[in-house]
Amino acid sequence: MKDLIGKVKKFGEEATEILKEVQEAGLKKHTVTKDDTLSSIALKYYGHVTEKYWKIIYNFNKKVIGDDPNKIKPGMELVIPVLPDELKK
């Protein structure tokens, strides 16, 4: 979050508005640890480990992760999107 705040300061008011929109949208940030998998991250944020849940995180972060969802690495910064209404229980 500190990096994001630094960028906001650098780019000024427009970036401030973008940051505000991200926060209001309920997006969270997760830093991958050595023991993480997309399933474990999905469990932490959504309460489920099945493919339809971890794929939400993967698809949202594909530019960071790459083409193989099994290749997440410690230190990667992932954005956790809001769970779609149809998957909320």
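All residue numbers refer to positions in the sequence shown, counting from 1.
A tilted orientation is assigned to the rings of Tyr53 and Tyr46, their planes being inclined by 30° to 60°.
Minimum interatomic distance between Val49 and Ser39 (heavy atoms only, all atoms of both residues): O-OG, 3.3 Å. Taking every heavy atom of both residues into account, Met76 and Ile65 meet most closely at CE-CA, 4.1 Å.
Using a 4.5 Å heavy-atom cutoff, the side chains of Asp35 and Ser40 are not in contact.
With Tyr58 contributing its side chain and Asp67 its backbone, the two residues share a donor-acceptor pair below 3.5 Å.
Atom CG in Asn59 sits 6.5 Å away from atom NZ in Lys62 (nearest 0.5 Å). Here CG of Leu27 is found 12.5 Å from CG of Leu78. Values are rounded to the nearest 0.5 Å. Interatomic distance, CD1 of Ile57 versus CG of Leu38, reported as 6.5 Å (0.5 Å rounding). Between the CG atom in Leu83 and the NE2 atom in His48 there is a gap of 7.5 Å [rounded to 0.5 Å]. The OG1 atom of Thr37 sits 9.0 Å away from the CG atom of Asn70 when rounded to the nearest 0.5 Å.
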>> Could you go through Ile72 and Asn61, starting from their C-alpha distance and side-chain angles, then the distance that decides it, and tell me whether this counts as side-chain contact (heavy atoms from CB on, under 4.5 Å)?
In response: CA-CA 10 Å; Ile72 63 171; Asn61 292 278; over 6 Å; no

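In terms of hydrophobic clustering, with Ile, Leu, Val, Met, Phe, Trp and Tyr side chains grouped at heavy-atom distances under 4.5 Å, Tyr45 and Trp54 are assigned to a common cluster. Hydrophobic clustering of Ile, Leu, Val, Met, Phe, Trp and Tyr side chains at less than 4.5 Å, counting indirect connections, unites Leu87 with Ile41.
For Lys88, the NZ atom is densely surrounded, since the number of other residues' heavy atoms within 6.0 Å is greater than 12.
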